[in-house]
Amino acid sequence: MNFDFIQQATSKELEQFKLVCNQLLSRTYVPRTLYRPGKGRVNNPDYTFLSLHYEAVQEYLGLLDWELHNDPLNGYFYVINTDEANRCNLSKKETAILLALRMIYEDNQDQLGLEQDAFCTVRDVLEKVVTDYAILPAKPNMEEVKRALTLLENHAIIQRVDGKFNQGSCKFVILPTILTAVSGEKLNAVVSVLGKEDADEEAEEDSVD
């Protein structure tokens with residue numbers, strides 16, 4: 001490993017180096033922009049730091065069996081463990097909410113702004129989960145919704161803008177990091193399964209009639 005950066009960096013740079021590495025290992029993603037109360041959308045200094053010192057961070061994490069990746073088009077860095085040790089196991093309801101968020105993001109891609117964030121509310125998500133896509137047979141209780149959305153926010157998949165996650169009116173953004181969390185292939189597979197289930201239900205209804 002080339003230790004030039006470590007040897008030449010200032011104490012402030014070394015501190016941010018540690019903070020950025022720990023953020024990647026704990027949250028998986030570092031997005032280009034963030035929301036700040038009263039300021040709206042702002043540039044993420046950690047993303048800027050990674051852009052400037054990509055090779056140094058990449059080499060350091062590589063020693064720990066983590067691969068650093070960059071998606072400059074959608075604006076985020078992320079890590080993958082070569083031993084798949086960073087998999088986050090979700091419950092059925094958490095998975096359903098994640099899939100609904102990915103579907104909402106897909107539905108809104110034509111209207112996304114420069115930051116490529118999709119705005120929505122908790123109510124929007126629940127409608128997708130139960131009504132539009134019928135991923136779950138019944139609406140999860142609001143504490144379950146809060147736990148799921150908090151988990152996803154902790155992993156930089158979404159970011160809350162206003163309200164609380166256990167309120168239907170709570171407003172948040174779905175970050176472009178969701179494109180890696182749920183790939184297009186996985187999304188298409190889920191949509192195909194849901195479409196097949198709808199077709200089977202219609203066939204059963206026709207046979208009864």
Side-chain angles (χ1 to χ4, degrees), residues 1-7 9 13-35 43-106 115-118 125 135 144-160 165 172-191 193:
M1 176 181 175
N2 186 343
F3 288 96
D4 288 349
F5 173 78
I6 302 296
Q7 295 169 347
E13 288 174 330
L14 285 175
E15 186 64 27
Q16 188 165 11
F17 180 87
K18 290 188 291 184
L19 288 172
V20 166
C21 288
N22 284 327
Q23 184 180 164
L24 284 165
L25 296 178
S26 62
R27 305 192 70 194
T28 307
Y29 302 99
V30 172
R32 180 164 48 207
T33 56
L34 299 169
Y35 277 94
N43 291 328
N44 184 356
D46 292 333
Y47 181 91
T48 303
F49 182 88
L50 276 167
S51 299
L52 293 173
H53 305 291
Y54 180 84
E55 290 186 3
V57 176
Q58 183 183 48
E59 290 184 6
Y60 173 74
L61 293 177
L63 292 175
L64 306 176
D65 293 330
W66 292 84
E67 294 179 349
L68 177 63
H69 297 267
N70 182 20
D71 186 336
L73 177 63
N74 295 300
Y76 59 91
F77 290 93
Y78 64 100
V79 289
I80 295 176
N81 188 273
T82 54
D83 295 325
E84 298 188 347
N86 66 324
R87 286 188 175 278
C88 181
N89 296 318
L90 303 179
S91 68
K92 181 179 179 180
K93 291 178 180 178
E94 289 167 346
T95 301
I97 288 173
L98 175 61
L99 289 173
L101 291 172
R102 180 64 172 87
M103 291 173 177
I104 293 171
Y105 193 88
E106 189 75 14
E115 289 84 10
Q116 296 179 289
D117 302 332
V125 177
I135 302 173
E144 291 173 324
V145 173
K146 178 183 177 181
R147 282 196 297 271
L149 294 177
T150 299
L151 174 64
L152 297 177
E153 183 176 45
N154 289 341
H155 282 279
I157 303 296
I158 63 174
Q159 186 176 6
R160 186 165 53 91
F165 283 139
F172 62 92
V173 292
I174 307 170
L175 303 175
T177 52
I178 199 166
L179 295 171
T180 300
V182 182
S183 67
E185 291 78 8
K186 290 181 180 178
L187 178 64
N188 290 334
V190 171
V191 171
V193 170

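Values in this document were obtained by computation on a predicted structure and should not be read as measured data. What you see below is based on every heavy atom in this structure, not just the backbone, and it leaves out hydrogens, waters and symmetry mates.
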Rounding to 0.5 Å, atoms CG (D4) and CD1 (I6) come to a distance of 10.0 Å

What residues, two or more places apart in sequence or in another chain, satisfy salt bridge (Lys or Arg N to Asp or Glu O under 4.0 Å) together with R27? none

Listed partners of T150 passing side chain to side chain donor-acceptor pair (under 3.5 Å), at least two apart: none

Of all the heavy-atom pairs spanning A148 and E94, show the shortest one and how long it is. CB-CG, 3.7 Å

Please determine whether side chain to side chain contact (heavy atoms under 4.5 Å, CB included) holds for the pair L61 and L25, giving the CA-CA distance in whole Å, both sets of side-chain angles, and the decisive distance to 0.1 Å. CA-CA 9 Å; L61 293 177; L25 296 178; 4.2 Å; yes

Donor-acceptor contact below 3.5 Å, side chain Q23 vs main chain V30: no

How close do P176 and N74 get, heavy atom to heavy atom, and via which atoms? CG-O, 3.3 Å

Could you grab the distance from atom CG of L24 to atom OH of Y29, nearest 0.5 Å is fine? 11.5 Å

Do side-chain atoms of Y60 reach the backbone of C21 as a donor and acceptor pair under 3.5 angstrom? no

Residues in side-chain contact (heavy atoms from CB on, under 4.5 Å) with Q58, at least two apart? Y54, L68

Side chain to side chain, L179 and Y105, heavy atoms closer than 4.5 Å: yes

Rounded to the nearest 0.5 Å, what separation is found between the CD atom of E59 and the CD atom of E55? 6.5 Å

Would a line drawn from the ring center of F5 to the ring center of H53 be shorter than 6.0 Å? yes

With sequence neighbours left out, write down each residue that passes side chain to side chain donor-acceptor pair (under 3.5 Å) with Q159, or none if nothing qualifies. none

What I'd like to find out is whether the side chain of V145 reaches to under 4.5 Å of the side chain of V125, using heavy atoms alone. no

Does any non-hydrogen side-chain atom of N70 lie less than 4.5 Å from one of Y47? yes

Below 4.5 Å, heavy atoms only, C-beta onward: do T28 and I157 meet side chain to side chain? no

Side chains of Q16 and D46: does their closest heavy-atom pair fall under 4.5 Å? yes

Report the residues that fulfil side chain to side chain donor-acceptor pair (under 3.5 Å) with S51, sequence neighbours left out, ordered by chain and then residue number. none

Would you tell me whether T180 and Y76 have side-chain atoms, one donor and one acceptor, within less than 3.5 Å of each other? yes

Mind checking what makes salt bridge (Lys or Arg N to Asp or Glu O under 4.0 Å) contact with E144, not counting sequence neighbours? K93

Once rounded to the nearest 0.5 Å, what's the spacing between atom CD1 of I97 and atom CG of L152? 7.5 Å

R32 CZ to N44 CG distance, which is reported to the nearest 0.5 Å: 11.0 Å

Any side-chain heavy atom of F172 within less than 4.5 Å of one from Y35? no

Flag side-chain contact, heavy atom, 4.5 Å: I178 against L98: yes

If I take atom CG from residue L149 and atom CG from residue N154, how far apart are they, to the nearest 0.5 angstrom? 11.0 Å

